[in-house]
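When a residue number appears, it is its place in the shown sequence, counting from 1.
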Amino acid sequence: THDEVAILKLALMKYGVGKWKEITESGCLPGKLIQQLNGQTQRLLGQQSLAGFTGMHVDVDKVRAANLLKNGPEIVRKSGLIINSGGVLSKEEREDLKTSNQEKYGLDPSTVSSIQVS
């Protein structure tokens with residue numbers, strides 16, 4: 001439902017992308033399975049791989065908006081989501097991506113602490 005999507009956005013901002021245990025234990029989305037949270041998060045962000053955001057508190061709408069604007073021959077989409085068409089990222093590449101994503105989309109600690117998830 002639309003209410004559940006709004007709650008998940010807040011939970012991702014509060015607890016972090018991929019922090020499924022914390023989100024489920026918070027009780028904000030009762031009955032939701034980790035697989036459901038992961039799939040909905042992919043749809044919210046507009047991309048299949050969440051590795052570049054794992055553990056991060058990000059502005060979900062800002063990430064999605066940026067992904068919707070991406071185009072070109074190197075951008076491959078499946079069911080509307082950007083998919084990884086290249087190889088597996090090295091640890092260093094993944095950390096560089098996370099640093100870049102934090103700069104672009106990260107929330108400051110005071111914003112995170114002020115988020116209330118129903």
Side-chain angles (χ1 to χ4, degrees):
T1 68
H2 292 292
D3 289 342
E4 289 174 333
V5 170
I7 292 169
L8 178 57
K9 281 183 187 181
L10 289 173
L12 293 168
M13 293 165 68
K14 177 78 174 177
Y15 301 109
V17 174
K19 296 294 187 175
W20 313 127
K21 183 177 179 184
E22 290 86 345
I23 293 171
T24 56
E25 288 179 353
S26 76
C28 65
L29 291 164
K32 292 296 178 188
L33 302 174
I34 289 173
Q35 296 87 342
Q36 292 172 304
L37 297 175
N38 185 65
Q40 186 62 41
T41 300
Q42 290 172 335
R43 289 186 290 280
L44 285 173
L45 296 182
Q47 66 184 60
Q48 195 173 48
S49 174
L50 302 179
F53 295 99
T54 301
M56 295 173 56
H57 306 268
V58 296
D59 183 328
V60 173
D61 291 328
K62 199 171 179 181
V63 174
R64 178 155 184 79
N67 279 335
L68 287 172
L69 293 175
K70 291 180 181 177
N71 57 31
E74 73 284 359
I75 303 298
V76 179
R77 294 184 190 272
K78 180 177 180 181
S79 300
L81 302 179
I82 295 174
I83 62 169
N84 181 12
S85 58
V88 176
L89 296 177
S90 69
K91 183 177 181 179
E92 184 178 284
E93 289 171 322
R94 192 170 43 254
E95 289 306 316
D96 288 347
L97 179 59
K98 287 178 77 171
T99 299
S100 174
N101 286 340
Q102 180 64 38
E103 291 170 3
K104 293 179 199 171
Y105 312 114
L107 300 174
D108 64 82
S110 63
T111 300
V112 173
S113 65
S114 71
I115 296 170
Q116 299 294 316
V117 182
S118 322

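For residues 100-113, the set of pairs meeting the salt bridge (charged side-chain N to carboxylate O under 4.0 Å, His left out) definition, not counting sequence neighbours, is empty. For residues 8-31, the pairs satisfying side-chain hydrogen bond (donor to acceptor under 3.5 Å, both in side chains) are K9-D61, with sequence neighbours left out.
In this structure, M13 and H57 approach most closely via the heavy-atom pair O-ND1, 2.9 Å. Across all non-hydrogen atoms, the minimal contact from V117 to C28 is CG1-CB, 3.4 Å. Between Q42 and L81, the closest heavy-atom pair is O-CD2, 3.4 Å. Residues K98 and M56 come closest through the heavy atom pair O-CE, 3.6 Å.
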Donor-acceptor pairs under 3.5 angstrom involving side-chain atoms of residues 64-72: please list them, not counting sequence neighbours.
from, atom 1, to, atom 2, distance (Å)
R64, NH1, R43, O, 2.9
N67, OD1, K70, NZ, 3.2
N67, ND2, L45, O, 2.7
N67, ND2, Q47, OE1, 2.8

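Just one of L44, T41, V63, N38 meets the side-chain contact (heavy atoms from CB on, under 4.5 Å) condition when paired with V17; it is T41. Tested against L29, the residues Q40, E4, Q36 include a single side-chain contact (heavy atoms from CB on, under 4.5 Å) partner, E4.
Side chains of I23 and L12 form a contact here, defined as non-hydrogen atoms less than 4.5 Å apart.
The CG atom of D3 lies 12.5 Å from the CG atom of L8; values are rounded to the nearest 0.5 Å. The distance from atom CG of L89 to atom CG of N84, rounded to the nearest 0.5 Å, is 6.5 Å.
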